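To start, the structure itself, in structure tokens.
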Amino acid sequence: PGHITPGYTPVVDCGTAHIAVRFAEILSRIDRQTGKELEKSPAKVDSGDACMIKMVPTKPMSVEAFNEYPSLGRFSIRDMSTTVGIGIIKQV
């Protein structure tokens, strides 16, 4: 509790889809104020951190990059009916 590591498998809600995804790798930890990269490939991210993550869905899922189609580029991450994160899709 309190941190996320690669291999974590929450449910992602994007548009009308609710699909389990696996966090394949944490690409970087980011400063929430400036958006600058603080650490490349951290072993974990703690509660309150911002990060870039490579996610792999367990089933096919229709999404788009946020800058191309904003409504299909936003998502929330839920675990046990609790929202644990929100974000936008940078790259498909």
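Along the sequence shown, residues are numbered consecutively beginning with 1. Please read these numbers as outputs of a predicted model, since none were measured by experiment.
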Exercise for review: Apply side-chain contact (heavy atoms from CB on, under 4.5 Å) to F66 and K90, showing your working.
Suggested key: CA-CA 6 Å; F66 178 77; K90 293 282 200 174; over 6 Å; no
Check your understanding: Passes side-chain contact (heavy atoms from CB on, under 4.5 Å), V92 versus E68? Steps please.
Key -> CA-CA 11 Å; V92 178; E68 293 176 22; over 6 Å; no
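Residue V84 is grouped with residue I53 when hydrophobic side chains (ILVMFWY) are merged at heavy-atom distances under 4.5 angstrom, including chains of intermediate members. By the rule that hydrophobic residues join a cluster once side-chain heavy atoms approach within less than 4.5 Å of another member, L27 and F23 end up as members of separate clusters. I4 and M52 fall into different hydrophobic clusters, where Ile, Leu, Val, Met, Phe, Trp and Tyr side chains are chained together by heavy-atom contacts under 4.5 Å. Hydrophobic cluster membership differs between I88 and V45, with clusters built from Ile, Leu, Val, Met, Phe, Trp and Tyr side chains linked at under 4.5 angstrom. Under a hydrophobic-cluster definition in which Ile, Leu, Val, Met, Phe, Trp and Tyr are linked whenever side-chain heavy atoms come within less than 4.5 Å, directly or via other members, F75 and Y8 are assigned to the same cluster.
In terms of heavy atoms, P57 sits closest to I19 at CB-CG2, 4.4 Å. Contact between M55 and V12 at its shortest, heavy atoms only, is SD-CG2, 4.1 Å. Residue A43 comes nearest to T5 through the heavy atom pair O-CG2, 3.8 Å, listed as atom of the first residue, atom of the second, then distance. The two residues M61 and C14 have their closest heavy-atom pair at CE-CB, 3.7 Å. Considering all non-hydrogen atoms of both residues, V56 and A24 come closest at CG2-CB, 3.8 Å.
To the nearest 0.5 Å, atoms CD1 (I26) and CD (E39) are separated by 9.5 Å. Between the CG atom in D31 and the CG atom in D49 there is a gap of 10.0 Å [rounded to 0.5 Å]. To the nearest 0.5 Å, atoms CZ (R78) and OG1 (T83) are separated by 4.0 Å. In this structure, SG on C51 lies 11.0 Å from CG on L38, to the nearest 0.5 angstrom. From T34, atom OG1 reaches atom CD of E37 across 11.0 Å, with rounding to the nearest 0.5 Å. The OG1 atom of T16 sits 6.5 Å away from the NE2 atom of H18 when rounded to the nearest 0.5 Å.
Using modelled atom types and a 3.5 Å distance limit, the side chains of H3 and D46 yield no donor-acceptor pair.
Checking side-chain atoms of T9 against main-chain N and O of G7 turns up a donor-acceptor pair under 3.5 Å.
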